[in-house]
Amino acid sequence: MAPKLLVWYDRHARVLPWRILPGGGTPDPYRIWLSEVMLQQTTVAAVKDYFLRFTALWPTVQDLAAAEDAHVMAEWAGLGYYARARNLLACARQVAHAGGFPEDRGGLRALPGIGPYTSAAIAAIAYDQPETVVDGNVERVVSRLFAVETPLPAAKPELTALAETLTPHIRPGDFAQAMMDLGATICTPRSPACGICPLLDDCDARAAGIAADLPRKAPKAAKPDRTGIAWVARHGDSLVLEERPAKGLLGGTLAFPSSGWDGCDLPPPGDADWTEIGHVRHVFTHFNLSLQVLIGDMPNSPERGHLVLLHDIDRNALPGLMRKVWDMARANMAA
DNA sequence: ATCCCGGTCA
DNA sequence: TGACCGGGAT
């Protein structure tokens with residue numbers, strides 16, 4: 001099974017900015033780590049430009065370790081799951097101080113932002129160790145190969161154990177990447193291309209005609225609707241922005257001052273005659289948010305946040321939700 | 001406009 | 001177990 005998949009990988013491996021093609025040389029652990037952290041919960045297409053930009057700005061882990069927190073947060077803006085950016089920096093500094101990355105899964109696992117998946121991926125891909133890498137792609141491929149009917153997430157241990165039986169002692173890194181490429185390009189969630197799958201003859205789900213129905217999933221909980229207010233506070237030719245608390249939702253990102261959307265109620269950044277200019281909607285993992293956007297001229301200095309010249313506001317340094325608020329405010333001010 | 005997809009941490 | 005986002009498919 002593994003040899004068959006490796007033959008397929010040698011012909012069909014995706015060309016990716018962080019990937020060394022089969023026989024192409026030795027991977028740089030820094031680049032593998034950076035790409036794997038960016039790829040957590042995030043698609044390859046979304047990651048590519050961020051990866052190129054990060055590696056251009058910070059070519060080594062020492063460079064990244066020396067970067068300013070705010071600079072890294074600004075470069076990460078738009079990628080989502082901002083705890084990853086904070087952990088990235090903490091990890092870079094720990095690794096730079098230690099003089100390099102640990103080369104075993106256990107050592108990697110102890111670093112900030114590196115869990116079961118990422119530790120196995122770095123050990124296998126960067127150090128070619130026979131670790132079994134299990135991400136969402138692999139769970140799907142394995143559930144089909146063995147026709148596992150147990151719903152996720154309960155099936156996770158079973159799928160991991162089955163995946164371990166597949167991992168070869170030769171080229172485990174290429175095998176791990178091959179499994180993920182297969183899941184991303186052929187063994188896809190909705191309409192798997194079984195006709196061109198190199199593992200067609202090994203697949204129990206295909207034989208049973210249920211490949212597209214696996215993996216089964218437990219029903220998802222409904223997400224609540226929440227509301228809040230965002231204030232676009234003008235003071236001269238500046239607006240008020242603030243850095244959100246380091247932990248929690250959108251932690252450490254740049255934002256327009258807002259009321260709490262999760263219970264606590266925060267005040268506006270100052271006194272003004274507020275005018276509603278609309279609502280922005282945003283979907284988080286666990287709730288839907290509708291934010292009322294208020295704009296106003298504040299005669300006094302802000303009581304929260306800090307003033308940023310309109311000219312200096314960088315849309316790209318804001319997370320997605322705040323880009324929506326900024327776009328709405330800019331359209332309103334232009335009118 | 002919805003639904004679906006995906007790792008780590010406390 | 002629940003808290004954490006944004007992009008792509010339908």
Side-chain angles (χ1 to χ4, degrees), chain A residues 33-50 73 76-91 105 108-122 132-141 143 151-157 159-160 163 176 179-180 183-185 187-193 212-226 244-255 260-264 279-291 315-316 318-325:
Chain A
W33 161 74
L34 178 61
S35 66
E36 290 299 342
V37 172
M38 288 181 164
L39 287 163
Q40 291 166 6
Q41 309 294 95
T42 309
T43 60
V44 164
V47 165
K48 276 182 181 168
D49 288 342
Y50 283 87
M73 291 309 293
W76 193 275
L79 245 200
Y81 289 101
Y82 298 95
R84 292 184 296 169
R86 301 192 300 273
N87 286 146
L88 187 83
L89 211 31
C91 184
R105 185 177 179 175
L108 290 160
R109 177 72 182 78
L111 264 8
I114 299 185
Y117 162 76
T118 309
S119 56
I122 298 172
T132 300
V133 181
V134 182
D135 72 344
N137 288 307
V138 175
E139 286 177 356
R140 186 171 57 254
V141 170
S143 73
L152 284 169
K156 218 172 167 38
L159 294 174
T160 299
M179 287 286 279
M180 295 189 283
T185 63
C187 197
T188 53
R190 277 175 288 272
S191 309
D213 301 325
L214 299 182
R216 310 246 186 240
K217 295 197 174 180
K220 55 235 168 221
K223 34 176 101 177
D225 294 314
R226 293 187 187 171
R244 291 179 60 81
K247 40 99 188 129
L249 194 67
L250 301 176
T253 62
L254 199 56
W261 331 316
D262 22 1
C264 59
H279 292 258
V280 298
R281 295 191 317 103
H282 198 71
V283 180
F284 291 95
T285 329
H286 47 302
F287 65 96
N288 301 311
L289 176 66
S290 177
L291 214 47
R315 183 182 187 278
N316 291 328
L318 302 169
L321 169 64
M322 294 301 162
R323 288 180 188 179
K324 293 177 190 174
V325 174

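Computed from a predicted structure; not experimentally measured. Values below: every heavy atom of this structure, side chains too, minus hydrogens, waters and symmetry copies. Order of the sequence lines sets the chain letters (A, B, ...), proteins ahead of strands, with each chain counted from 1.
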How close or far is atom P of dG6(C) from atom NE2 of His286(A), stated in whole angstroms?
13 Å

Looking at His282(A), does any N or O in its side chain come under 4.0 Å of the phosphate oxygens OP1/OP2 on dC5(C)?
no

Could you work out, with side chain to side chain donor-acceptor pair (under 3.5 Å) as the rule, every residue matching Asn316(A), not counting sequence neighbours?
none

Span of DNA chain B in contact with chain A (heavy atoms, under 4.0 Å)
dT2(B) to dC9(B)

With a 3.5 Å distance limit and no angle check, can you tell me whether Arg105(A) reaches the backbone of Ser119(A) through a side-chain donor-acceptor pair?
no

For Arg86(A), side chain to side chain donor-acceptor pair (under 3.5 Å) partners two or more places apart:
none

Does Arg84(A) have a side-chain nitrogen or oxygen under 4.0 Å from the phosphate oxygens OP1 or OP2 of dC4(C)?
no

Tell me, please, which residues at least two apart from Tyr50(A) pass ring pair (Phe, Tyr, Trp, His ring centres under 6.0 Å).
none

Select base, sugar-phosphate, or nothing to describe what Leu39(A) touches, counting heavy atoms under 4.0 Å on all strands.
nothing

Atom-to-atom span, CZ of Arg323(A) to P of dC5(C) - whole angstrom:
14 Å

Quick one: is dA3(C) close enough that its OP1 or OP2 comes under 4.0 Å of any side-chain N or O from Tyr81(A)?
no

Report the distance from atom NZ of Lys324(A) to atom P of dC5(C), rounded to the nearest whole Å.
13 Å

Taking the minimum atom-to-atom distance to the side chain of Ala46(A), which one of dG7(C), dG8(C), dC5(C) wins?
dG7(C)

Distance check needed: dC5(C) P versus Gln41(A) CD, whole Å only.
11 Å

Side chain to side chain contact (heavy atoms under 4.5 Å, CB included) partners for Lys156(A), two or more places apart:
Glu139(A)

Atom-pair distance (CE on Met38(A); P on dG7(C)), nearest Å
14 Å

Test side chain to side chain donor-acceptor pair (under 3.5 Å) applied to Arg315(A) - qualifying residues, sequence neighbours left out
Asp327(A)

